[in-house]
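Taking it in order: structure first as structure tokens, then the write-up.
Just so you know, these numbers use all the heavy atoms, side chains as well, and skip hydrogens, waters and symmetry mates.
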Amino acid sequence: MRTLLAAALTVTALTAAPAATHADPLPSATPAVETPALFDDEKGGNANGDDPAIWVNPADDARSLVIATAKEGGLYVYDLDGKQLQHIPAPAAPGGDDEPGRFNNVDLVHRFGGRDLAVVSDRGRDQLRFYAIDPATRALTDVTDPAVPYLFNKTQAQVNEAETGYGVATWQDRTGTYALVSRRHETRLGLFKLTVSGGKVSYRRVRTLDLPASFTMPDGSTWTPCGEPGEKAQVEGMVVDQGRDVLYAAQEDVGIWRLKADLTGEPELIDTVREYGRQDTFDAETEECLPGQDRGFGGTRLSADAEGLTIWYGKGGTGYLLASSQGDNTFAVYTREGRNRHLGSFAVGAGSGVDAVQHSDGAMVVNQPVGRFKHGLLVVHDGENTPADGERENTNFKFVPWERVPLPAR
């Protein structure tokens, strides 16, 4: 396990044209499809949408799937019209006082053990779960080894403290197939190698790395992101550039890191949230962080939380890295190549009878035709779906045709 000590970290200079302050109007993408509303209450099965993945059917792209997590609500599978095809409940609690399954993030693995897999982080049980995708029926089947180990803990009592597996991104290279997993309320990232035996999938931990929990500011002061006592600045959104073996990790209250996918070498902070360096204070009564003085150390493109990351792959090693700026309901666009130069930002607004996206967590994009989406597809989580149903927490997922994404000029 490696720990990066608090240090004077140098943020990569991103030499694009001046970024919009978001007081300026931003270009907007309009979704064409949305999934049914999910409600995070007993009546709705405690379903709280979070993170999508797009599985492209190799035999018929029109029969591709969107697979999405809904925390205690489990896993939902949709067709390209947003119709629900399957619902997979999260596992029950192992004991009466234990935490139940809670599916947080999802990513895909292609051709592992002769099949495609959806890989899900179960933050309630501190495990990964695996679901084989049948191209003929489009049904998902649980192929998780019953004896899968905890990701970060050693006992169920520790799991119940909720410092468990959180974000997930998959990675395949010549040495094997891996999942990179972040730990809730910690700065830790873990690399896990997938294994298969008798058709069941498990994993073993290879190594971990701890990102910084505090930072040295340009004036020499030390800054620690605000949180509840004992909680550190966690990572959730992650994506691996499969062509470069590079991991991008969004530390929610800090910014976006670039590091080697095998968790060796030194991570580089390529952009920071606006709140970076602002010493907020935790209010125990409201359980909220109260804003402190803004000393001007933060970035200009992301508002905390920095969330979902996804990559659009272009020709010749080019492309785009997209990041959800949850605090201001926008998405930042960086070059995939070079030093990840920031190009601009956009929102996902209302259109085609579908409401706008707010407070987005997860996102995924594909660069190839999928059914009616002939130029590719971007799927994003909507944390405030409308129309509202009283006070019920209402989330879902929006499908945006790639040609509607207002990409900034290079």
- Would Glu99 and Glu72 satisfy side-chain contact (heavy atoms from CB on, under 4.5 Å), going step by step from the backbone distance to the final call? CA-CA 10 Å; Glu99 289 294 310; Glu72 281 188 44; 5.9 Å; no

- Message: One pair to check against side-chain contact (heavy atoms from CB on, under 4.5 Å): Leu263 and Leu247. What are the steps and the verdict?
- Response: CA-CA 8 Å; Leu263 302 186; Leu247 170 68; 4.1 Å; yes

- Item | Evaluation steps, side-chain contact (heavy atoms from CB on, under 4.5 Å), between Tyr131 and Val106 | CA-CA 10 Å; Tyr131 297 89; Val106 59; over 6 Å; no

- Check the pair Val370 / Leu80 against side-chain contact (heavy atoms from CB on, under 4.5 Å), numbers first and verdict last. CA-CA 8 Å; Val370 280; Leu80 295 177; 4.2 Å; yes

- Test ring pair (Phe, Tyr, Trp, His ring centres under 6.0 Å) on Phe215 and Tyr276 and set out the steps. CA-CA 9 Å; Phe215 303 82; Tyr276 181 82; 5.7 Å; yes

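Here the closest non-hydrogen pair linking Asn57 and Arg138 is ND2-CG, 4.3 Å. The minimum heavy-atom distance between Ser182 and Glu236, with the atom names listed, is OG-CA, 4.1 Å. Nearest heavy atoms, Gly227 versus Cys289: N-SG, 3.8 Å. Closest approach of Glu252 and Tyr166 over heavy atoms only: OE2-CE2, 3.9 Å. The two residues Val148 and Ser202 come nearest to each other via the heavy atoms CG1-OG, 3.7 Å.
Every residue meeting the side chain to side chain contact (heavy atoms under 4.5 Å, CB included) condition with Pro406, not counting sequence neighbours, appears here in chain and number order: Pro27, Ala29, Phe346.
Although no hydrogens or angles enter the test, the distance criterion places a donor-acceptor pair under 3.5 Å between the side chain of Asp126 and the main chain of Phe152. Under a 3.5 Å cut-off, the side chain of Thr395 and the backbone N or O of Asn48 do not form any donor-acceptor pair.
Here Glu163 does not pair with Arg184 in a salt bridge; the nearest charged N to carboxylate O distance is not below 4.0 Å. We find that Asp328 and Arg274 are joined by a salt bridge, their nearest charged nitrogen and carboxylate oxygen being less than 4.0 Å apart. Using a 4.0 Å cut-off between charged side-chain N and carboxylate O, Arg125 and Asp98 make no salt bridge.
Sorted pairs that involve residues 149-161 and meet salt bridge (charged side-chain N to carboxylate O under 4.0 Å, His left out), not counting sequence neighbours, are lacking altogether. Pairs of residues two or more places apart, or lying in two chains, that qualify as side chain to side chain donor-acceptor pair (under 3.5 Å) and include a residue from residues 360-373 are Asp81-Arg372, Gln326-Asp361.
Across Asp145, Asp122, Asp142, a single residue satisfies salt bridge (charged side-chain N to carboxylate O under 4.0 Å, His left out) together with Arg129, and that is Asp142. The one candidate from Arg301, Arg339, Arg341, Arg258 that meets the salt bridge (charged side-chain N to carboxylate O under 4.0 Å, His left out) condition with Asp271 is Arg301. For the side-chain hydrogen bond (donor to acceptor under 3.5 Å, both in side chains) with Tyr248, the qualifying choice from Asp241, Asn340, Thr310 is Asn340, the only one to do so. Of the options Asn153, Asp210, Thr164, Thr208, a side-chain hydrogen bond (donor to acceptor under 3.5 Å, both in side chains) to Arg183 is made by Asn153 and by none of the others. For the side-chain contact (heavy atoms from CB on, under 4.5 Å) with Lys398, the lone residue among Thr35, Val33, Leu378, Asn385 that qualifies is Asn385.
Tyr320 carries Arg410 over the face of its six-membered ring, with the cationic atom under 6.0 Å from the centre and within 45° of the normal.
Between atom CG of residue Asp253 and atom CG of residue Leu302 there is a gap of 12.0 Å, rounded to the nearest 0.5 Å. Atom CE of Met364 is separated from atom CG of Leu309 by 13.0 Å, given to the nearest 0.5 angstrom. Of the inter-residue distances, the one linking Trp257 atom CH2 with Met238 atom CE reads 14.5 Å to the nearest 0.5 angstrom. Atom CG of Asn46 and atom CG of Leu38 lie 11.5 Å apart (nearest 0.5 Å). Atom CG of Leu85 is separated from atom NE2 of His87 by 13.5 Å, given to the nearest 0.5 angstrom. A distance of 6.5 Å separates CG of Leu75 from CG of Leu140, quoted to the nearest 0.5 Å.
Checked by atom type, the side-chain pair Asn105/Asp50 shows a donor-acceptor distance below 3.5 Å.
Under the 30°/60° scheme for interplanar angles, the aromatic rings of Tyr203 and Phe192 are found to stand perpendicular.
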